[in-house]
Amino acid sequence: MGINDVLSANGWFDVLKEKMLHDSAETGFVGTYTWLDSEGVVHVEWLKPENCFYSYSSYPDFRDTSWRGVMRTKKISELRKQYGKEFHP
């Protein structure tokens, strides 16, 4: 029941479930990023399969990968805000 509550709060029984099923059928790979914020709320994010990367695995559940990650994109304004005052006007 707790897992269903977390997934429901993050919208996983709506569009995100359809995205996961579509990704599974089209690419054979699905991915999520699960994290806990400072208030103890669990967040589950859908990851675009084309932006995920990982080392070689001989298991279908990727248990033997030595590294895995996701490529994130940022706007120029976000980069300026994040990195130093030389980027601020």
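Please read these numbers as outputs of a predicted model, since none were measured by experiment.
Rounded to the nearest 0.5 angstrom, Y56 OH and D64 CG are separated by 8.0 Å. Atoms OG and CZ, on S58 and R63 in that order, are 9.0 Å from each other to the nearest 0.5 Å.
The environment of F53 atom CZ is dense: over 12 non-hydrogen atoms of other residues, nucleotides or ligands sit within 6.0 angstrom.
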In residues 13-26, what donor-acceptor pairs under 3.5 Å come from side-chain atoms, sequence neighbours left out?
from : atom 1 : to  : atom 2 : distance (Å)
H22  : NE2    : E26 : OE1    : 3.2
D23  : OD2    : W46 : NE1    : 2.8

Check residues 1-8 and write down every donor-acceptor pair under 3.5 Å in which the side-chain atom is one partner and the other belongs to a residue at least two apart or another chain.
none

Could you give the side-chain donor-acceptor pairs of residues 28-36 under 3.5 Å, partners two or more places apart or in another chain?
from : atom 1 : to  : atom 2 : distance (Å)
W35  : NE1    : E45 : OE2    : 2.8

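Taking every heavy atom of both residues into account, D37 and H43 meet most closely at OD2-NE2, 3.1 Å. Contact between S55 and S66 at its shortest, heavy atoms only, is OG-N, 2.8 Å.
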